[in-house]
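Notes follow once the structure below has been shown.
Computed over heavy atoms, backbone and side chain alike; hydrogens, waters and symmetry mates excluded. Numbering starts at 1 and runs along the sequence shown.
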Amino acid sequence: MQQAIALAIENVRSGSGGPFAAIVVKEDRVVASGTNQVSALNDPTAHAEIIAIRAACTALGSFQLDGCDLYTTCEPCPMCLGAIYWARPARVFFAATSADAAAAGFDDAFIYQQISVPFPERRIPFVAMMREESLACFRAWEQQQNRIPY
């Protein structure tokens, strides 16, 4: 965690991005790290955890982080939480809380609130369309003999 905190501070001081960093460790070895690069890359998904997960999966040649631990300087946001669950690390260690992040101007509470709001009433309306036609995508997947389940 100390290494992740140092990375986050350096990220801020260098002007590269926000005050967040994450490290993926497997068998007591750092596999990958990431810092917040949202503003540097003009990419709202370039959170430290996402960057670290992508780099670790590439390094390990796997789309899952089996046997890995993720160290992150802050409690993950909803997007990162979803990515973490998809990546399936063994454990996640975090330092600051979401309340600490909110106090510094990084408040994601509204995203959690939006999840339970009906689609048309969300802050950004979600409009369902062409469901029946899109089911062909799943049928194609189910018929694919060499599919890799995840």
message: Tell me if a side-chain donor or acceptor on N36 pairs with a main-chain N or O of P19 at a distance below 3.5 Å.
response: no

query: Is there a path from V25 to V92 through hydrophobic residues (I, L, V, M, F, W, Y) whose side chains come within less than 4.5 Å of each other?
result: no

message: Looking at every heavy atom in both N11 and G18, which two are closest together, and how far apart are they?
response: ND2-O, 2.9 Å

field: Beyond-backbone contact of S16 with T35, side-chain heavy atoms, under 4.5 angstrom
entry: no

- request: Please check if F93 and I5 belong to a single hydrophobic cluster, counting links between Ile, Leu, Val, Met, Phe, Trp and Tyr side chain heavy atoms closer than 4.5 Å.
  value: yes

- line: What one should report as the nearest heavy-atom pair of S62 and C57 is O-CB, 2.9 Å

Flag, side chain of E75 to backbone of S98, donor-acceptor distance under 3.5 Å: yes

field: Side chain proximity check, V127 to P120, heavy atoms < 4.5 angstrom
entry: no

message: Ignoring hydrogens, what is the shortest heavy-atom contact between A48 and G34? Give both atom names and the distance.
response: CB-O, 3.5 Å

- prompt: Does D100 use its side chain to pair, donor to acceptor, with the backbone of T97 at less than 3.5 Å?
  reply: yes

message: Tell me which pairs pass side chain to side chain donor-acceptor pair (under 3.5 Å) where either residue lies in residues 49-61, with sequence neighbours left out.
response: E49-T72

- prompt: L81 and F94: same hydrophobic cluster, using ILVMFWY side-chain contacts below 4.5 Å?
  reply: no

query: Taking all non-hydrogen atoms of both residues, which atom of I84 and which atom of P76 are closest, and how far apart?
result: CD1-CG, 3.6 Å

task: Could you pull out all residues at least two apart from R139 that satisfy salt bridge (Lys or Arg N to Asp or Glu O under 4.0 Å)?
output: none

task: First locate atom CD of Q2, then atom CD1 of I23, and finally report the distance between them rounded to the nearest 0.5 Å.
output: 10.5 Å

task: Kindly say whether I115 contributes a backbone atom to a donor-acceptor pair with the side chain of R122 at under 3.5 angstrom?
output: yes

- prompt: Which pairs with one or both residues in residues 14-26 pass salt bridge (Lys or Arg N to Asp or Glu O under 4.0 Å), sequence neighbours excluded?
  reply: none

query: Below 4.5 Å, heavy atoms only, C-beta onward: do L135 and E132 meet side chain to side chain?
result: yes

Results of ring pair (Phe, Tyr, Trp, His ring centres under 6.0 Å) for Y85 - residues two or more places apart only: none

statement: CZ (R123) and CD1 (I111) are apart, to the nearest 0.5 Å, by 9.0 Å

message: Treating T73 as the side-chain partner and A4 as the backbone partner, does any N or O pair qualify as donor plus acceptor under 3.5 Å?
response: no

- prompt: With the 4.5 Å side-chain cut-off for hydrophobic clustering, are V31 and I53 part of the same group?
  reply: yes

Non-neighbouring partners of D69 that pass salt bridge (Lys or Arg N to Asp or Glu O under 4.0 Å), sequence neighbours left out: R91

- request: Answer yes or no: is there a side-chain heavy-atom contact under 4.5 Å between L70 and L65?
  value: no

query: In terms of hydrophobic clustering (I, L, V, M, F, W, Y; side-chain heavy atoms under 4.5 Å; direct or indirect links), are V38 and L41 co-clustered?
result: no

message: Within the 4.5 Å heavy-atom criterion, are V24 and P89 side-chain neighbours or not?
response: no

task: Over all heavy atoms of both residues, which pair between A52 and A22 is shortest? Give the atoms and the distance, please.
output: CB-O, 3.8 Å

Identify each donor-acceptor pair in which a side-chain atom of residues 141-150 lies under 3.5 Å from a protein atom, sequence neighbours left out, and give them as a table.
unit_1	atom_1	unit_2	atom_2	d
Q144	NE2	N146	OD1	2.5
R147	NH1	W141	O	3.3
R147	NH1	E142	O	2.5
R147	NH1	Q144	O	3.2

- request: Grab the two heavy atoms, one from I50 and one from M79, that are nearest each other, plus how far apart they are.
  value: CG1-CE, 4.0 Å

